[in-house]
There are 2 protein chains.
Amino acid sequence: MSLATDASDKPTLYKRIRADIEKRILTGEWPPGHRIPFEHELVARYGCSRMTVNKALSELAQADLIERRRRAGSFVRRPQHQSAVLKIADIRAEITALGRGYGYELISRKLRAATAADRERLGVKKAGKVVAISCRHSADKVPFAVEDRLIDLSSVPSAASADFSREPPGSWLLHHVPWTEAEHTISAIVADDRTAEALDIAVGAPCLVIDRYTWRSARTITAVRLLYPGDSHRLVARFKGG
Amino acid sequence: MSLATDASDKPTLYKRIRADIEKRILTGEWPPGHRIPFEHELVARYGCSRMTVNKALSELAQADLIERRRRAGSFVRRPQHQSAVLKIADIRAEITALGRGYGYELISRKLRAATAADRERLGVKKAGKVVAISCRHSADKVPFAVEDRLIDLSSVPSAASADFSREPPGSWLLHHVPWTEAEHTISAIVADDRTAEALDIAVGAPCLVIDRYTWRSARTITAVRLLYPGDSHRLVARFKGG
DNA sequence: TTGACTTATATGTCTAGACATATAATCGTA
DNA sequence: TACGATTATATGTCTAGACATATAAGTCAA
């Protein structure tokens, strides 16, 4: 029980309260369902005002570590839906982070009126024009991933004049389009002839597929399919309490 | 510009302030790098005390939507590292959520002193005993995934006496072990003979592999490998602003 | 021009109150 | 016993101040 008389006050008080509680939850001392002390008890224990403990508890609640119920108190939440933060870095960043030489190659770029297939893929009823891009990323000259992308020009008009022969469309979008939402679908396929050639792997070799669909406030921006050699590439998702 | 005289006060004031700012960021009206109004300006605009706007801004900062810098002000953050929330549901929950019949089958359960390979897999220097479990999950009698798991008994002693013939080890752990951290590695392989038979797919068919390594405060709990038929199963990761 | 010092200022934290509101618990009644 | 009304209480929000602190910007000297 760390009391208010704890002299090491490098972190601020509310942060120490939050850390104290978090620690008890993480170590299992206060298991899921456990009622943590009432605010007025913490006020007494730490000798501070209620706003201070309230701030600590509010942050824990925002982080889904505890659940607050009026009149009842605050309770440790159980690890809910198993979820993880999947870090899907910009491919260029990912490769350079590995200390390998990044290579980019534009295979094709077509500007066209949206076909029925394009509309289906972008999930829009009617679209004007789209840009269809096919390109390849490599690490130290070795094929790393092939990308097949569609950009909705009605959402991102400036993409029509962007030069994708040198800058990958993913990087370009990241720097030119504000906050977005996205949905990723990860699956596995075996390489067909075309994929095998593009990735320089054997036909029938496993490939990891990431389909990413990106929009901003109900407006589709882009749909992309990334194909990685499945036995060499790995996606790492880190999960922490939740 | 919504002023303090806005009468629709169903949500509380600080939530409205937060929502107002969030909306401007999401729509791109305030692009990344834009300096949002100073606290004292928001105080004037909404006619409230500084603590109220501070709470709104603090939550936006905690959600990584804005960055606060002393003396400089608060700024809209740019979509940082592309990351996504990957929902990896408990398999039973996942299947029942799809409205399909869940089936579970324990293939083998062995209690043994940890071998060198076990220690390697669990990432521990020395371990006492472990439980090795192999099982299969099915949806409407069709194989859905095969699971190959190792539980460190020095961390979870009660797992030695748990009955895994009826309850899947994943569900059991979820309910008996408090907050954990985990790391997932996702990759693709092609089915070998044994896998093909277990999943009732063709040899050479693509499989999605999830390797999950779980620990609690630096203490390994379990390591599991899940194999899914890759062309039928999909992992969906949703990403929202950040 | 550059570096060191000073100052102004926006955020960070905190207080000691207040009233609002949802709801668990109690009490009373059918 | 079951149900409806009442009450007590923990959290939710808010105020009008306060002092602390990091730092951008300005000032001045080498």
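The structure presented is a predicted model; accordingly, all values stated were derived computationally and were not measured. We name chains A, B, ... by the order of the sequence lines, and we start the count at 1 in each one.
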For B/Leu13, report the nucleic acid contact type (base, sugar-phosphate, nothing); a contact means any heavy atom under 4.0 Å.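 Sugar-phosphate, no base atom in range.
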Describe the nucleic acid contact of A/Ser74 in one word from base, sugar-phosphate, nothing, applying a heavy-atom distance below 4.0 Å.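 Sugar-phosphate only.
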For [X] and [N], what is the distance between atoms [atom1] and [atom2] respectively, to the nearest whole Å?
X       : N      : atom1 : atom2 : answer
B/Gln62 : C/dT13 : CD    : P     : 11 Å
A/Glu39 : C/dG17 : CD    : C1'   : 15 Å
A/Glu59 : C/dC14 : CD    : P     : 11 Å
A/Leu42 : D/dT11 : CG    : P     : 9 Å
A/Arg68 : D/dA10 : CZ    : P     : 12 Å
B/Phe38 : D/dA22 : CZ    : C1'   : 15 Å
B/Leu57 : C/dG12 : CG    : P     : 8 Å
A/Phe75 : D/dA10 : CZ    : P     : 11 Å

Over 60° means perpendicular and under 30° means parallel, so classify the ring planes of B/Tyr213 and B/Trp215, tilted if in between.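 Ring orientation, 0 to 90° scale: tilted.
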Using only modelled atom types and a 3.5 angstrom limit, is any donor from either the side chain of A/Arg71 or the base of D/dT7 paired with an acceptor on the other?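 Between D/dT7 and A/Arg71, which were checked side chain against base, a qualifying N/O pair under 3.5 Å is absent.
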Within the modelled atom types, does a donor on one side and an acceptor on the other bring the side chain of B/Arg50 and the base of C/dG12 under 3.5 Å apart?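 Pair found.
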When you check the phosphate oxygens OP1 and OP2 of [N], does a side-chain N or O of [X] lie under 4.0 Å from one of them?
X       : N      : result
B/Lys15 : D/dG12 : no
B/Lys55 : D/dG12 : no
B/Ser49 : D/dG17 : no

Working to the nearest 0.5 Å, report the span between CG of B/Leu150 and CZ of B/Arg225.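 Here the rounded value is 13.0 Å.
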On DNA chain D, compare the nucleotides closest to A/Ala72 and A/Met51; which residue's is nearer the 5' end?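 Per heavy-atom nearest nucleotide, the more 5' residue is A/Ala72.
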Mapping B/Tyr14 and A/Arg69 onto DNA chain D by nearest heavy atom, which one lands closer to the 5' end?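 It is A/Arg69 whose nearest nucleotide is closer to the 5' end.
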Are A/Thr222 and A/Arg149 close enough, and set up right, to give a side-chain hydrogen bond (donor to acceptor under 3.5 Å, both in side chains), and what steps lead you there? CA-CA 7 Å; A/Thr222 183; A/Arg149 185 186 291 269; 3.3 Å; yes
Could you report the tightest heavy-atom contact between A/Ala160 and A/Val131, atom names first, then the distance?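 Here A/Ala160 and A/Val131 meet closest at CA-CG2, 4.5 Å.
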Kindly confirm or rule out a cation-pi arrangement of B/Arg78 over B/Phe75, judged by NZ or CZ under 6.0 Å from the six-membered ring centre and within 45° of its axis?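 Here B/Arg78 fails the 6.0 Å and 45° test against B/Phe75.
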